[in-house]
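Here is the structure we will look at.
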There are 2 protein chains.
Amino acid sequence: MKVTISDIAKAANVAKSTVSKVLNDSPKISQETKHRVREIMKQMNYTPSSIATQLARQSSYNIGLLVDMSKESEFLNQFFYNIIGGIESVIVSLKYELTISNVQHSNPEGHFLNRLVLSKRVDGIIANNSVLTEDLSAELVRLQFPFISIGELAGSAGWVDFDNELGGRMLTSHLLEQGYSAVAFIGGEEKEKIFTHRCNGYMQALHQSGFTVHKEWIVNCKANEHEGYQAALKLLQGENPPDSIVCMSNYAAFGVLQAAKELGIHVPSQLGVAAFDEYPLSRYTTPPLTSLNIDTFKLGVASGHLLMDRILYPDNPPRHVLLEPELIQRESTRRNS
Amino acid sequence: MKVTISDIAKAANVAKSTVSKVLNDSPKISQETKHRVREIMKQMNYTPSSIATQLARQSSYNIGLLVDMSKESEFLNQFFYNIIGGIESVIVSLKYELTISNVQHSNPEGHFLNRLVLSKRVDGIIANNSVLTEDLSAELVRLQFPFISIGELAGSAGWVDFDNELGGRMLTSHLLEQGYSAVAFIGGEEKEKIFTHRCNGYMQALHQSGFTVHKEWIVNCKANEHEGYQAALKLLQGENPPDSIVCMSNYAAFGVLQAAKELGIHVPSQLGVAAFDEYPLSRYTTPPLTSLNIDTFKLGVASGHLLMDRILYPDNPPRHVLLEPELIQRESTRRNS
DNA sequence: TTGTAGGCGTTATCAA
DNA sequence: TTGATAACGCCTACAA
């Protein structure tokens, strides 16, 4: 039924090794032979077995994308499709395929280190920094196994990330440029790196324009609708209310808009609102949100490139890439309209 | 460096085949030997090569999820993460992994039929019906290659889908139960199966309650914000305006809400609005939308099960699964509030 | 209960 | 330019 390299060899009256060379377009084979063998391959409907190739070449031609599906990762959930598309677009031309794998910390037998890495099921790994703990990262380094983190990582690992500090600066500066002068920051947990970066950017922008940072204008909370709402209520009803707010997420911003509406505070004339992330709401809120778009396809592309780099040139040092976000202006910060 | 089954055999003073049997927990091996061999495997840090196993067993232990990334598929884009999670959750316990693959119609060399199917890189395929054309489907059937479509498919193929007809009935009945009596339907293209099903459900619900169907209340258009807006404007300003609208998507409903707002028509007291799909907007519109949630994780689970069924029991006839949507009531249809 | 030998379908190294 | 032959690392009769 299934036709192998031997069948082709017999039919073409050449050795298996010759067929193999034709397959790989070796320059040592005459055009004539190539042509003849290929003809026969077509006739016999032959497609080489990728598994056999993998075994012989000692490479799976497979790269793994690790995900922790148990955590409701807003980020991945939103952008998974684009990231995958990005990765795929770079690896496919190198004959690689993408394996998605759920890291289940429940079953140690099925730990991805065994399932994918040690068993050589994949030649390299991409994962975001919520699954790549320091331990795991160190272990992969020790095993000299190629991997790239989506999201900044300590240690000698390659990673790609968005420039969150720059993002914080961009949103804050934008508000200041619009004429707002009392900018607050809502959302994020104090220890989180992503919060730290963004908030640093926020503070930098303030300093740069000669404003001082008010501690009480930086509110740590979950970046969701409810907590955004609460935080805004409190801030806006406080002694010293801000006239604009940078929000850690679309959802937090949604909560802020609700709070403003209830308090009869008009956006954008009385309150400017700007948010990180463009999806999924910012186009559809009332008023539409000024937000910071990140090109997650590019994120995938970059991580794919870095990983292939690790695989093909293991001796090069791991690289880091910071991607620039893009400001999308909408009504929620149009102070003078 | 890398330790193989032979190394273990030598170290344990047994034959390779014995080690292999231990690996597969064969009942023909004494507990003592098993124990001893396993001990040594641990000591030597041995993990079997999946590729070698695949070759020996003639199975890739891999299933492929096909996607056409060139098409901006709202559906996949939204629900990719959940679907993948669902599929993964069922195949992983059977030692399978998930390969995501982009079907690029551009490069015939890299066509997935060669890249994945004929080269035996995957043992089965899941794809949505936008990539599984009739031709491809027929070809896979001819090759006796296991596959499952996400979305109804003609011919002798297995598939899973949501019960769109039921969904149409549910939304429409709900509006009628709320006391609305003139229900329109906006969005969808006439030839699309998904539109046909949903609209059939809509019409069934009307008939069932003794209402007649007004042709002019069924508006075919793209299910996006802009066309939903236009359609609603026209309908609501027409001779015979409806008092409620079923929308093909969140986005179309968003457009409808905008139109109503502009015309000074109050939702829900003067106009009821209900939409297919729960994400991404329905919780966040003004007022929040009554909508039809579909559990896309279950969709993944079901397709995974059906596929594994095809792989493990190829002689069973292909099965079909219709999943039930769930109505989520929100303010947009609360007529008497 | 364990061991021997051959096979899975390629690629790679030599010779010819 | 081609051909034998030995890997690659595991599994599976069949034999002991």
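Numbers restart at 1 for each chain; the letters A, B, ... are given by sequence-line order, proteins then strands.
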Inset, instruction - Output yes when A:Arg142 and A:Glu139 qualify as a salt bridge under the 4.0 Å nitrogen-oxygen rule, no when they do not. - result: yes
Legend entry - Pair A:Asp123 + A:Arg310: basic N to acidic O under 4.0 Å: no
Legend entry - Check: B:Asp295 and B:Leu323 side chains under 4.5 Å, non-hydrogen atoms: no
Legend entry - Contact check, side chains of B:Tyr46 and B:Ile5, non-hydrogen atoms, under 4.5 Å: yes
Inset, instruction - Spell out, as yes or no, whether a donor-acceptor pair under 3.5 Å connects the side chain of B:Lys34 to the backbone of B:Lys21. - result: no
Legend entry - Per-nucleotide protein contact string for nucleotides 1-11 of chain D, where B marks a base within reach and S marks sugar-phosphate only (heavy atoms under 4.0 Å, - for neither): BBBB---BBBB
Inset, instruction - Would you kindly give the CG-to-C1' distance between B:Asp25 and D:dT12, to the nearest whole Å? - result: 17 Å
